[in-house]
Amino acid sequence: MRIGELAAKAGVSVRALRYYEEQGLLVAERSPSGQRHYPDSGVDQVLLIQQLYAAGLPSRSIRAVLPCVETGEATPELLEWFTAERDRIDRQMRDLASARDRLDSLIVGATAVWRSGRPCPAR
DNA sequence: ATTCTAACA
DNA sequence: TGTTAGCA
């Protein structure tokens with residue numbers, strides 16, 4: 001199928017498909033005229049790429065991990081990699097929660113200042 | 001009409 | 001990624 005059909009079936013833009021190829025995530029066969037042609041399996045390929053992007057992996061990581069996932073092989077290395085990713089995300093969540101709590105404290109403090117009749121500091 | 005490459009008011 | 005330009 002051509003790029004437009006794949007884009008429709010996979011629910012992504014044609015632009016995205018060309019970008020995936022540029023990033024080395026998706027292979028495309030070329031017709032004599034230069035048009036890209038994809039096998040039916042391309043739909044699942046794109047779906048997988050989307051899941052990995054949604055998981056927060058940069059294209060570079062996806063490129064490295066794709067060959068393993070595609071073959072359906074849940075290799076130990078792959079599981080370690082994903083586990084490490086999960087931990088990274090967990091750390092970010094905790095850092096954000098921390099930053100949020102500190103903002104909450106500042107908000108409470110600022111509110112107390114206003115109630116005491118002090119002038120509101122400029123932004 | 002669709003795709004391709006290249007490039008960015 | 002969107003979008004646009006100029007082709008095939």
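Being a predicted model, the structure only gives us computed values, none of them experimental. Chain letters run A, B, ... following the sequence lines, proteins first and then strands; every chain starts at 1.
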Looking only at side-chain N and O atoms, does [X] come under 4.0 Å of OP1 or OP2 in [N]?
| X | N | result |
| --- | --- | --- |
| A:S13 | C:dG2 | yes |
| A:Y19 | C:dG2 | no |
| A:R30 | B:dT5 | yes |
| A:R36 | B:dT5 | yes |

Would you call [X] and [Y] a salt bridge, using N to O less than 4.0 angstrom?
| X | Y | value |
| --- | --- | --- |
| A:E22 | A:R18 | no |
| A:D87 | A:R91 | no |
| A:R30 | A:E21 | yes |

Length of the line joining [X]:[atom1] and [N]:[atom2], which is rounded to integer Å:
| X | N | atom1 | atom2 | answer |
| --- | --- | --- | --- | --- |
| A:Q35 | C:dC7 | CD | P | 18 Å |
| A:E5 | B:dA1 | CD | C1' | 15 Å |
| A:E22 | C:dT1 | CD | P | 11 Å |
| A:E21 | B:dA6 | CD | P | 12 Å |
| A:R18 | B:dA6 | CZ | P | 12 Å |
| A:Y38 | B:dT2 | OH | P | 16 Å |

Pick base, sugar-phosphate or nothing for A:Y20, based on heavy-atom distances below 4.0 Å to the nucleic acid.
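Sugar-phosphate contact only - A:Y20 comes under 4.0 Å of backbone atoms but never of a base.
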
Assign each of A:G34 and A:R15 to its nearest nucleotide of DNA chain B by heavy atoms, then name whichever residue's nucleotide is nearer the 5' end.
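By nearest-heavy-atom nucleotide position, the 5'-most residue is A:G34.
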
Which nucleotide, if any, forms a Watson-Crick or G-U wobble pair with B:dA7, using both distances under 3.5 Å?
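Base-paired to C:dT3.
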
With both distances under 3.5 Å as the test, what is the Watson-Crick or G-U wobble partner of C:dA8?
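Pairing partner: B:dT2.
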
Apply the side-chain contact (heavy atoms from CB on, under 4.5 Å) test between A:M93 and each candidate in A:L96, A:D95, A:I89; give the one that qualifies.
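Answer after filtering A:L96, A:D95, A:I89: A:I89.
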
For B:dT2, does the base pair up with any side-chain atom of A:R2 as donor and acceptor (N or O, under 3.5 Å, distance only)?
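No, no donor-acceptor pair under 3.5 Å.
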
Determine, using the 4.5 Å side-chain heavy-atom cutoff (strictly less than), whether A:L47 and A:Y20 are members of one ILVMFWY cluster.
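A:L47 clusters together with A:Y20.
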
Please tell me which of the listed nucleotides, C:dT1, B:dT3, B:dT5, lies nearest to the side chain of A:I3?
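Nearest to the side-chain atoms of A:I3, counting from C-beta on, is B:dT3.
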
